[in-house]
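All remarks here apply to the structure that follows.
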Amino acid sequence: MTVTMNRNGVPGKYGAGNHVLEVRDLRVHYATPLGDVIAVNGVSLDLYEGETLGLVGESGCGKSTLAMSILRLVQPPGRIVSGQVRILGTDLVKLKDAELRQVRWDQIALIPQGAMNSLNPVMRVKDQIAEAIETHQGKRSPAELKERILRLLSMVGLPGRIYNMYPHELSGGMKQRVCIAMSIALTPSVIIADEPTSALDVVVQRVVAQTLLDVKRTLGVSMILIGHDMGLMAQLVDRIAVMYAGNIVEIAPVKDIFAEPLHPYTKLLLASIPSVKERKPLVVTEGLTHDLRRPPPGCIFQLRCPFVMDICREVVPPLRELRPNHYAACHLY
Ligand code: SF4
């Protein structure tokens, strides 16, 4: 599957060519005794300067594997089989480990799933952020470090007293904002945030989401936001890419995805959002996902699609531009 977007849906902002991240035909497999599981199946996408791209799909669809493989952090038995990940022209897939370490944090940073639990419990916040800075930029004077760390904490809406505290003295939302501060410590061009608000209560989710938006606006950083909360996505992202079984099946500006979803899977995802205004029966996507080691010939969604046709069982639908900047992979159109 290959798709190249020349613009996203924000008029005048994302002209052709100003993308910061290009993923091309990326394939990631997990080796199992019974054969390779195809976790990412030839994904291509572009991320534009200052853009936030939402990556949505159900658990196990390959969202997090795609994020980890963009940073080349997939662990065995996973491996990148083929493809390219270019950030500002540099192909990360080809870099040696030492070169890669330099690019990570410096140009592209990850806020991993459950990031707040990855903070070192026996190190003060100031020391953890200082370590991230000095590992990449060498020894800094104490005064400079302190000034930078306090500025970072202020950017994510945390008071200066956090500087001297340990993670266990912070709430979940505060810890998550410390992780966001660490991710922007070296002012990267791209941040990938993997479910940054999961495991937080609804009110704190909003605070953390707003922090991400503020950081994006202040630094002009581009962001890939992974999640499954479509409501949160609607407020935070410019475009949405919908993933199913390792494939991107639809990608479009966020307003178009909500106004006129094209792929049957996207329609089902949206129909499954509970409403507080009306009582409606829970929409369940029938059927089972195929065996990820042996994708069926034809459409990847055929076993669960209410509209499946004969052609769907034989021909893979290409991801095509069906409306301006709105791409979907489906034979219905
Ligand atoms: Fe459904 Fe066919 Fe479209 Fe696949 S190509 S989503 S099976 S209608």
Side-chain angles (χ1 to χ4, degrees), residues 1-5 8-9 23-29 35-46 53-66 83 226-231 233-234 237 239-274 280-333:
M1 173 205 308
T2 301
V3 59
T4 303
M5 259 65 64
N8 84 353
V23 178
R24 291 290 175 272
D25 202 19
L26 190 64
R27 290 170 196 277
V28 183
H29 292 187
D36 276 8
V37 166
I38 303 169
V40 176
N41 188 21
V43 163
S44 297
L45 53 83
D46 289 337
L53 175 70
L55 194 56
V56 301
E58 61 200 10
S59 295
C61 72
K63 317 182 286 284
S64 295
T65 299
L66 175 58
I226 297 172
H228 52 254
D229 182 338
M230 294 295 272
M233 286 285 167
V237 308
R239 282 188 305 154
I240 286 189
V242 181
M243 246 184 128
Y244 181 78
N247 295 259
I248 288 182
V249 295
E250 185 160 2
I251 184 164
V254 64
K255 64 177 176 22
D256 297 340
I257 287 272
F258 280 89
E260 192 193 5
L262 296 177
H263 196 279
Y265 178 60
T266 312
K267 290 181 185 179
L268 285 165
L269 268 187
L270 291 172
S272 67
I273 300 174
K280 57 176 188 177
L282 182 66
V283 176
V284 178
T285 310
E286 302 284 350
L288 293 172
T289 309
H290 59 269
D291 181 344
L292 290 172
R293 291 164 304 170
R294 291 178 213 90
C299 175
I300 208 86
F301 191 54
Q302 60 182 270
L303 298 182
R304 301 175 76 186
C305 182
F307 310 106
V308 61
M309 305 171 284
D310 287 346
I311 187 176
C312 309
R313 299 192 177 91
E314 292 161 14
V315 181
V316 176
L319 196 56
R320 289 180 298 128
E321 188 174 16
L322 300 171
R323 307 276 187 276
N325 301 313
H326 192 153
Y327 295 72
C330 179
H331 290 306
L332 284 174
Y333 305 94

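First listed ligand is number 1; within each ligand, the first listed atom is number 1. Note that the coordinates shown come from a computational prediction; the quantities given were computed from them, not determined experimentally.
Checking side-chain atoms of Asp291 against main-chain N and O of Arg293 turns up a donor-acceptor pair under 3.5 Å. No donor-acceptor distance shorter than 3.5 angstrom exists from the side chain of Glu58 to the backbone of Leu269, with no hydrogens or angles considered.
Remark: His331 engages no residue in a side-chain hydrogen bond (donor to acceptor under 3.5 Å, both in side chains) (not counting sequence neighbours). In terms of the side-chain hydrogen bond (donor to acceptor under 3.5 Å, both in side chains) criterion, residue partners of His29 (sequence neighbours excluded) are, by chain and number, Asp36.
For atom 2 (Fe) of ligand 1, the count of nearby protein N/O/S atoms, taking only those under 2.8 Å, is 1.
Atoms of ligand 1 lying under 4.0 Å from at least one heavy atom of His263, given by number and element, are 6 (S).
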Check: residues 315-323 side-chain donor-acceptor pairs under 3.5 Å, at least two apart:
| from | atom 1 | to | atom 2 | distance (Å) |
| --- | --- | --- | --- | --- |
| Arg320 | NH2 | Tyr333 | O | 2.7 |
| Glu321 | OE2 | Asn325 | N | 2.7 |
| Arg323 | NE | Glu260 | OE1 | 3.3 |
| Arg323 | NE | Glu260 | OE2 | 3.4 |
| Arg323 | NH2 | Glu260 | OE2 | 3.0 |

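The ring of His263 has its center closer than 6.0 angstrom to the ring center of Phe301.
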